[in-house]
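These numbers come from a predicted model, not from an experiment. Below, chains carry the letters A, B, ... as their sequence lines are ordered, and counting in each starts from 1.
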Amino acid sequence: MKYFLQLVLAGLTKGSIYALIALGYTMVYGIIKLINFAHGEIYMIGAFTALIVGGALQITTGLSPLTILAISLAAAIFFSSGYGVTMEKIAYKPLRNAPRLTALISAIGMSLILQNYVLLAQTSDFLPFRSMIPNFPFLTPGKSLVTTTQLVILITTVVVMVILTLLIKFTRTGKAMRATSQDKVMAQLVGIDINKVITFTFAVGSATAAIGGVLIANHTGQINFYIGFLAGIKAFVAAVLGGIGSIPGAVLGSLVLGMTESFGAGYISSAYEDVFAFIILILILIFKPSGLLGRNEIEKV
Amino acid sequence: MNKIIQEIKKSVLSALWLMILTFPIMVIKVNSYEGVVLWRWKNLMWIGIGTFFLSWLWRFLLDRKENGPGESKPDADRDGKFSLRKALGERKVKIPTLAVLAILVLAFPFMVKFYQVGIMTSALMFVILGLGLNIVIGYGGLLHLGYAAFYAMGAYTYGLMYLYWGLPFWAALPLGAVSGAVFGIVIGVPVLRLRGDYLAIVTLAFGEISRLLLENMSGFTKGPEGIAQIPRPGFFVKLSLQGATTYLFYICIVLVLFAIFVIRRLEDSRIGRALEAMKEDDIAAQSMGIDLAKTKLITFALGAVWAGMVGVVLAAKTTYINPGSFTLMESVMILVAVVLGGTGSIPGVILGAFLVTLIPEYFRALADYRMLMFGVALVVMSIFRPQGIIPRVRKRYLVGEDKS
Amino acid sequence: MSRTILDINDFSMVFGGLRAVDHVDMHIDEGEIVALIGPNGAGKTTLFNCVTGVYTPSEGNITVAGPNSEIIRTNGKKPNKITELGLARTFQNIRLFSSMTALENVMIGRHPKLKAGIFGAIFRDKKTRDEEERVIVDSLKILKKLNLAKYANEPASSLPYGAQRRLEIARAMATEPKLLLLDEPAAGMNPQETKELDDTIKRIRDEEGLTILLIEHDMSLVMSLSERIYVLDYGKLIAEGSPDVVKADPAVIKAYLGE
C-alpha cells in the first residue's frame with residue numbers, strides 16, 4: 001500500500017512538471033499552430049539559469065537560502081521568457097505564412113542551437129544542483145510518504161494553474177489570446193495586435209516552463225544540457241493526450257502521463273519508462289487525435 | 001543618412017538585448033566543488049559585437065526576402081547569363097564532365113591516404129541516406145524524424161544474422177534492404193491517417209522506441225554494448241583492412257549510382273506523379289483515384305530500402321554496431337543534409353550530405369560546433385532559402401503544338 | 001427506362017449535433033443533368049462530400065450502379081475507390097495541383113486508368129513506355145475537349161479563373177467517370193464564360209454519354225442546363241422536379257426570398 005501511494009505521488013510530481021511545460025506547447029499551438037520543438041530547451045535554460053544565478057549568489061554572498069531561491073527563480077523566469085520571446089522573433093515570426101513543416105524544421109534547428117549553446121558555454125557534464133528548498137520541519141525524510149520537494153512541486157503547480165486560468169479568463173490579454181486562437185483574421189479585424197498576443201504567449205509559456213525547470217532541478221539534484229529534449233517531448237505527448245490547444249487538457253494529459261510512467265516503471269519495468277510515453281502518443285494520435293478534451297476538427301473541403 | 005542611424009540604433013538595441021539575455025549562461029560559470037565563480041566578461045563583448053553585425057545582416061536579408069530583387073528563376077538565363085545548370089545539360093559539356101568525374105572517383109582510393117578513403121566512404125553512406133530520406137520528404141512531402149530506425153534495422157539485420165547464423169555481407173545487403181522496406185511499412189501503417197507535424201512527432205516516437213527496444217532486449221540484441229566483430233566483406237578472399245575499406249568505397253559508389261538511377265526513374269513515372277499530387281493536395285489527389293494509403297506506404301518503403309542497405313554497409317565498415325549509432329541526432333543530421341542541399345533535388349542532397357559530413361571532418365576546429373551549425377543551418381535555410389542550395393527542378397511533361 | 005446510376009436513400013449527415021443533411025432521398029438516372037440548388041449552408045457540398053467519400057455518411061444508404069449494373073453501397077468507401085466506381089468531382093474552391101501544368105493535372109486524373117507500378121517505373125519495359133506515351137496523348141485530347149489545349153504547358157495557377165474551373169472538369173473527366181459531380185462550376189465566371197460553360201457541359205454530356213450532377217447558384221445556368229432539380233434548405237429536401245415545377249414551388253420561393 002505504501003509502495004502504491006509512493007507511486008501515485010511520484011506520478012503526480014512528474015505529471016505536474018510535465019503540465020508546467022505542456023502549457024507552453026498547448027498555448028503556442030493554439031495560437032500559431034506550431035509544435036515549438038525548442039520548448040523543452042526553454043525549460044532546460046530555466047534550470048541552468050537558476051543553477052548559475054543561485055550558485056553564484058551562494059558563493060559570493062551570504063544571503064539566506066530562501067532569498068537565493070527567490071532570486072534565482074525570478075531570474076529563471078525572466079531569462080527563459082526572454083529566450084522564448086527572442087526565439088519566436090528570430091526563428092518563427094518570419095515563417096508565419098510559410099508551410100507548417102518549414103516552421104517545424106526551423107523549430108528543430110532552434111532546439112539544436114539552444115542545446116549546443118548551453119553545452120558550449122557551460123558544460124556537457126551533469127552538474128550537481130544543490131536543492132535550495134529547505135526541508136519542511138513537519139516532514140521526516142525517509143519516513144514521510146511525501147518529500148519536501150514533491151510537496152512544493154504539487155503546490156506550486158496548482159498555484160500556477162490557478163493564476164494562469166484567471167489570467168486567461170479575466171484579463172484583456174487573456175481574452176485576446178482566446179480570440180486569436182479561435183480566429184486569427186477576425187481577432188485582427190476587431191483590433192487585437194496579433195504580434196503582442198504571440199509575444200505574450202511565448203513569454204507566459206516560457207515562464208511556466210522555467211518554473212518547472214527550477215522545481216525539477218531541486219527535486220532530482222542534477223541537470224545537463226540535454227534534459228530539455230526528453231522532458232519536452234513528453235510534455236508534448238501530454239499536451240496531445242489532453243487535446244492540443246486546451247489548457248485543462250494539458251494538465252489532465254500531463255497527470256495521466258505522469259501516472260502511467262510511474263506505475264509502468266513501478267510495476268512493469270523501469271527500463272521501458274520512456275517507451276510508455278511514446279506508445280501513448282502513438283495510440284492517442286491513431287485512435288483519438290483530438291485528445292481527451294480537445295475538439296474534433298473537420299477539414300473543410 | 002537617417003536610415004543608417006536608424007539601423008545602427010536597431011543593431012545596438014539587438015546587441016544590448018542579447019548581451020542581457022545571454023549574460024548568465026555566457027558569462028558566469030559556477031564551480032560549486034571548489035566554490036569558485038568564473039566571470040567570462042570577454043564572452044559578453046563577443047556577443048555584443050557579433051549581434052551588432054549579425055542582426056544588421058539579418059534585417060538586410062529579411063528585407064531583401066520580402067521586398068528585394070525578385071528571385072532569379074532557374075530558367076531566366078535567356079539573356080546570355082552563364083548558367084551552370086544549363087551548361088551541364090549540354091551534351092558537349094556533360095559527357096566529358098561525367099567522364100572526368102568517373103575517372104576521379106575510380107582513382108580516388110589510390111590518390112589519397114588510406115584514412116581519407118574511410119572518410120569518403122562515410123560521406124557516401126550519408127549521401128545514400130540523404131537520397132533515401134529525400135524520397136519520403138522531398139517527393140512524398142512526409143516529414144519523417146525516425147529515419148535512423150530504418151538505418152538501425154539494416155545494421156542489425158546484418159549484425160544479428162551474422163551473430164546467429166553466420167550470414168555473409170552479400171547475403172545481408174539485400175536482406176537489409178528488404179527488412180528496411182518491411183519496417184518502413186510496419187511503421188507506416190499506423191501513421192497513415194496522420195499529416196504534417198503530427199506525423200513528424202509520431203515517426204520520432206517510433207524511432208526512439210526502436211532504439212530503446214534495441215537497448216533493452218539485451219538477450220537478443222546484446223543491448224547497449226552492441227554486436228562486435230562483424231566481418232567486412234571479402235572479395236573471393238579475405239581482404240586486408242585497407243583492401244576492405246577500398247572495396248566498401250566502391251560498393252558505396254555503386255549504391256549511390258543505383259539510388260540515383262532508381263529515384264530518377266521513379267520520379268518520372270506514374271508513381272512519381274502520384275507522390276507529387278499527394279504532396280500538393282492529398283484530398284484532391286484522392287479524388288483523382290490515388291490510393292493515399294498505398295502511396296504513402298510505397299513512399300516509406302522506398303525511402304527505407306536505402307537506409308536498410310546503408311545499415312548493412314555501416315555494420316561491415318565499422319565491424320561493430322550498438323544502439324547509440326541510431327539516435328534522433330542521426331535522423332536530424334540526415335534531415336539537415338536534405339534541407340540544406342535542397343529538398344527533392346538529387347544533386348542538392350548529394351551536396352548537402354557532403355557538407356554535413358566533410359566540413360566537421362576537415363575543419364577539426366569546427367567539430368565541436370557541428371551540431372550548433374546544423375541548428376543554424378536549419379533555421380537559416382527555412383527562413384531564407386527553403387528550397388535549398390540547389391533547388392529541385394521538376395521534370396516537366398511538355399507538349400508541342402503539333403502533337404495530338 | 002434508363003437505369004439509376006446514383007441512389008441516395010434516407011441519408012443524413014450529422015456534425016457534432018448539427019444535422020447538415022437531414023433524411024434526404026435522391027436519385028440520378030443515366031444520361032441526366034441534375035442540379036442541386038439551395039441557399040448557402042443548405043448542405044449541398046456536404047452531400048457531395050459524402051457521395052464522393054470525403055466524409056462518411058451518418059445515416060442512410062448511398063448506392064451506385066456498378067460496371068455490371070450491380071448495386072454497390074458506397075458508405076464509408078475511400079474517395080479513390082468511389083472514383084474507381086465511376087464518380088468524379090470538381091471542387092467549389094478550386095483544388096488544382098497548382099505547381100503542375102494543365103497537362104500534368106489531367107495526367108494525374110488518368111492515374112486510376114494506368115497500371116504501371118514500382119517495377120514498371122524502374123525497369124521501364126515496353127508496356128510502361130507505351131502507357132506513358134499514351135497518357136500524354138490522351139490527356140491532351142481531354143484538354144482539347146475543354147478548349148484548354150493552348151494552356152497545356154502552363155502552370156495551373158497561372159491560368160485565367162474560368163480556365164481553372166474548366167481544368168477541374170478536364171481533370172475529373174480524365175478518370176473516365178459515368179457520373180460527373182460539379183461543385184459550382186460557374187462560380188466567379190463572367191456571363192460570357194458561363195455561356196461557354198453551358199455549351200461545354202451539354203456537349204460533353206452528349207459526346208461522352210455522361211451523367212451530371214451539379215451544384216450551382218447561377219439560376220440561368222441551372223435552368224438552361226438541368227432536366228431535373230433538387231432543392232435543399234437547412235439540410236432538408238424541400239422540392240424536386242423539372243425546372244418549371246421548381247421555379248413555381250412556393251416552398252422554394254420562400255427559401256430563397258424569405259418570408
Rounded to the nearest 0.5 Å, what separates atom CG in B:Leu302 from atom CD1 in C:Ile118? 4.5 Å

B:Ala277, B:Ala285, B:Ser269: which one forms the most heavy-atom pairs within less than 4.5 Å of chain C? B:Ala277

Nearest-0.5 Å distance, CZ of residue B:Arg265 to CD1 of residue C:Ile122: 9.5 Å

Contact part of B:Ile298 toward chain C, heavy-atom cut-off under 4.5 Å: side chain, backbone, both or neither? side chain

Counting only heavy atoms closer than 4.5 Å, note whether B:Arg394 contacts chain C via side chain, backbone, both or neither. side chain

Taking C:Ser99, C:Ser139, C:Ala152, C:Ser98 one by one, which has the highest count of heavy-atom pairs under 4.5 Å against chain B? C:Ser99

I'd like to know if the side chain of C:Arg89 and the backbone of B:Ser287 have a donor-acceptor N/O pair within less than 3.5 Å. no

Electrostatic pair C:Glu104:B:Arg396 at N-O distance under 4.0 angstrom: yes

Max heavy-atom pair count under 4.5 Å with chain C, selected residue of B:Ile263, B:Asp268, B:Asp281: B:Asp281

Which residue, B:Glu276, B:Glu280, B:Lys279, forms the side chain to side chain contact (heavy atoms under 4.5 Å, CB included) with C:Phe97? B:Glu280

Structural part of B:Glu267 lying under 4.5 Å from a heavy atom of chain C: neither

Locate the shortest heavy-atom distance separating B:Gly289 from C:Glu84; write the atom from each residue and the value. O-OE2, 4.3 Å

Would you compute the distance between atom CD1 of C:Ile108 and atom CZ of B:Arg270 and round it to the nearest 0.5 angstrom? 10.5 Å

Between C:Thr175 (side chain only) and B:Met288 (backbone N and O only), is there a donor and an acceptor less than 3.5 Å apart? no

Drop me the distance from B:Leu398's CG to C:Thr101's OG1, to the nearest 0.5 angstrom. 7.0 Å

Euclidean distance, C:Lys78 NZ relative to B:Lys294 NZ, rounded to 0.5 Å: 12.5 Å

Are any side-chain N or O atoms of C:Asn153 and backbone N or O atoms of B:Val399, one a donor and one an acceptor, separated by less than 3.5 Å? yes

Would you mind checking which part of C:Leu103 comes under 4.5 Å of any heavy atom in chain B, side chain (CB onward), backbone (N, CA, C, O), both or neither? side chain

Within this structure, what is the OH-CD1 distance for the pair B:Tyr397 and C:Ile136, rounded to the nearest 0.5 Å? 7.0 Å

Shortest non-hydrogen contact from C:Ala116 to B:Ile271? O-CG1, 4.5 Å

Counting distance only, does the side-chain N/O of C:Arg95 pair as donor-acceptor with the main-chain N or O of B:Ala284 below 3.5 Å? no

